Amino acid sequence: IYFGFFFTHMVDAPINDDYQATLDFLNQWIPASAADRASLLFAQHNEHRIVYCRLTALLNYGITGRVNFIWLALVGNLALVGIFVLMLRHMQKIGVSIWFAILVSVLIFNVGFYENTTFAMAALSNFTAYLFSMLALYSIAKSTIGNKEIALCMLFTAFAIFTQASGIFLIPLTIAILWFRNEKRLLIWHAAFCTIIATVYFIGYQTPPLHASDEGTNPVFSFFSVLGGAWNYHLIFVNPKTSIHVATAIGVVLFLAYLYAIKTGFHKRNLFITSVMTLMAIVAAATAIGRSQFGIEVSAASRYRICSA
C-alpha cells in the first residue's frame, strides 16, 4: 500500500531543497577540479553534511546521464524496508509475537509523513539517517560485543553523521551505552574515532541564519508536539491547532512512558529499543529547539513525524 502511494503520487521533479542539494550541487560538480569536488561533497547544507545524498545523486547521474527524482526518492524510501527488517529481526530475537509486525509496519510505512516519501532529498536524508543510526545502535546492543560490533557501530555512526545532522547525537549516545556496559577498551577506541569524525564534521561549520516567525512557540511545547507527531491527522499546515494539541498530549504520554520504562529497568532487558527511544527523544528535542522559532505549525510538518513513529 505504501509503495503504491509512492508510485501513484511521486513525480520526476525537484521540490524545495532538491534544487540546491541536488541540481545546484551537480552544476558545480561537473566543471570542478578534484580538490573542489572534495570540498563540494562535504559542503554544509543548512545544519547538515549530506554526503550520502550527494553520492546517490552522483551515482544516478553517472549511470543515466540525468537526475531522476523518482529514483532518488525510491532509494531513500527503501531505507524504511531496512528499518522494518531490522525491527523484525529484533522481535524474533527477543521472542515477540510476529503479529506485532503488523503494528510496526503501520508505524514505519506511514503516509502521514508523506513529505519524506515524495521529497527526494528528505527521503534520502531522513529515512536513511535513521536506518544507519539504528544499525549503529543494534551493533552495540547485542548481548556480547567485540571488535566486529564496535567496527560496525563506528561505520554506521559515520554514515549517519554524513547523511543528516541528527547522526551527530549518536556520538554521546553510543559512548553512554558503552560506558553503561563497562566496555572500557571498546569505549576508548570508539571515543577516539568519534572525535575524529566530529572534528571533520565541524571544520568550517557555520551556524545557519535564523528566519524566525512572529508566531514562534515554546520549545517544550514544540518538543512534545514533535514526539506525538505521528498522531497528527493534518498532513501539513491545514488548520493544525486542534490536531497539534492532540499530538502534543500524546507526546507527553509517550515521554512519561519512556521515563517510566527507564525507571523500571527496561533498558536492562531491551537495550536496543531503549537506545532507539532515547535517540528519538534527543532528535525531537533538537528539532524543537531548532525549529520552534518558526511557529508551532512547523512541528506539524509531516517530514518530522518519522521521529514520532
Side-chain angles (χ1 to χ4, degrees), residues 2-3 6 17 21 45-53 55-56 72-91 101 103-141 152-174 177 197 201 223 226-230 251 254 258 271-288 290-291 301-309:
Y2 178 84
F3 282 98
F6 172 83
D17 288 13
H45 178 81
N46 295 329
E47 302 94 340
H48 315 287
R49 306 278 190 184
I50 53 172
V51 178
Y52 175 80
C53 300
L55 288 175
T56 307
L72 293 178
L74 178 61
V75 172
N77 276 270
L78 287 175
L80 294 180
V81 178
I83 292 173
F84 181 63
V85 171
L86 182 62
M87 291 301 296
L88 278 182
R89 182 173 180 178
H90 182 68
M91 286 190 291
L103 174 60
V104 171
S105 68
V106 170
L107 291 174
I108 294 175
F109 300 106
N110 187 340
V111 296
F113 40 72
Y114 78 97
E115 279 181 289
N116 290 320
T117 305
T118 58
F119 178 1
M121 184 246 172
L124 285 169
S125 59
N126 293 342
F127 290 157
T128 312
Y130 283 122
L131 173 60
F132 289 151
S133 297
M134 291 176 69
L135 287 169
L137 296 172
Y138 186 79
S139 299
I140 58 171
L152 288 172
C153 179
M154 290 177 182
L155 179 67
F156 289 121
T157 296
F159 285 175
I161 289 172
F162 288 105
T163 299
Q164 191 194 57
S166 63
I168 206 74
F169 299 117
L170 279 174
I171 294 179
L173 181 56
T174 52
I177 291 171
I197 292 297
Y201 186 89
F223 166 69
V226 172
L227 268 188
L254 291 176
Y258 166 74
L271 182 58
F272 172 60
I273 295 300
T274 305
S275 63
V276 171
M277 291 192 299
T278 303
L279 179 64
M280 296 303 103
I282 294 172
V283 172
T287 301
R291 298 292 183 265
S302 65
R303 60 185 177 275
Y304 298 133
R305 294 179 192 172
I306 185 176
C307 182
S308 174

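Everything numeric in this text was worked out from a predicted model, so none of it was measured. For reference, positions follow the sequence shown, starting with 1.
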Quiz item: Among all residues two or more places apart in sequence or in another chain, which pass the ring pair (Phe, Tyr, Trp, His ring centres under 6.0 Å) test with His90?
Solution: Phe272
Give, for atom [atom1] of [X] and atom [atom2] of [Y], the distance between the pair rounded to the nearest 0.5 Å.
X      : Y      : atom1 : atom2 : result
Phe156 : Ile161 : CZ    : CD1   : 13.5 Å
Asn116 : Thr128 : CG    : OG1   : 10.0 Å
Met277 : Leu227 : CE    : CG    : 11.5 Å
Ile140 : Leu152 : CD1   : CG    : 11.0 Å
Ile168 : His48  : CD1   : NE2   : 12.0 Å

Contacts of [X] that satisfy side-chain contact (heavy atoms from CB on, under 4.5 Å) - sequence neighbours left out:
X      : result
Leu155 : Phe159
Thr56  : Tyr52, Trp71, Leu72, Val75, Leu124
Leu170 : Ser133, Ala136, Leu137, Thr157, Ala160, Thr174, Leu279
Ala158 : Phe193, Ile197

Practice problem: Give the C-alpha distance, both sets of side-chain angles, the deciding distance and a yes or no for side-chain contact (heavy atoms from CB on, under 4.5 Å) between Tyr130 and Leu80. | Solution: CA-CA 9 Å; Tyr130 283 122; Leu80 294 180; over 6 Å; no
Quiz item: Which is it for Tyr2 and Thr117 under the side-chain hydrogen bond (donor to acceptor under 3.5 Å, both in side chains) test, yes or no, and what are the steps along the way?
Solution: CA-CA 9 Å; Tyr2 178 84; Thr117 305; 2.7 Å; yes
Quiz item: Does the pair Thr163 and Leu131 meet the rule for a side-chain contact (heavy atoms from CB on, under 4.5 Å), with working shown?
Solution: CA-CA 10 Å; Thr163 299; Leu131 173 60; over 6 Å; no
Is any side-chain heavy atom of [X] less than 4.5 Å from a side-chain heavy atom of [Y]?
X      : Y      : result
Met280 : Val226 : no
Ile171 : Tyr201 : no
Asp17  : Ile50  : no

Self-check item: Met91 and Val104: CA distance, side-chain angles, deciding distance, side-chain contact (heavy atoms from CB on, under 4.5 Å) verdict
Solution: CA-CA 10 Å; Met91 286 190 291; Val104 171; 4.1 Å; yes
Quiz item: Who passes side chain to side chain donor-acceptor pair (under 3.5 Å) against Ser166, sequence neighbours left out?
Solution: Gln164
Quiz item: Distance only, no hydrogens: is a donor on one side chain within 3.5 Å (strictly under) of an acceptor on the other, for Tyr138 and Ser275?
Solution: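 The answer is no; no qualifying pair exists.
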Self-check item: Stepwise side-chain contact (heavy atoms from CB on, under 4.5 Å) test for Asn77 and Phe109
Solution: CA-CA 9 Å; Asn77 276 270; Phe109 300 106; over 6 Å; no
Quiz item: Phe127 and Gly76: which non-hydrogen atoms are nearest, and at how many Å?
Solution: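 So the minimum-distance heavy-atom pair works out to CB-O, 3.4 Å.
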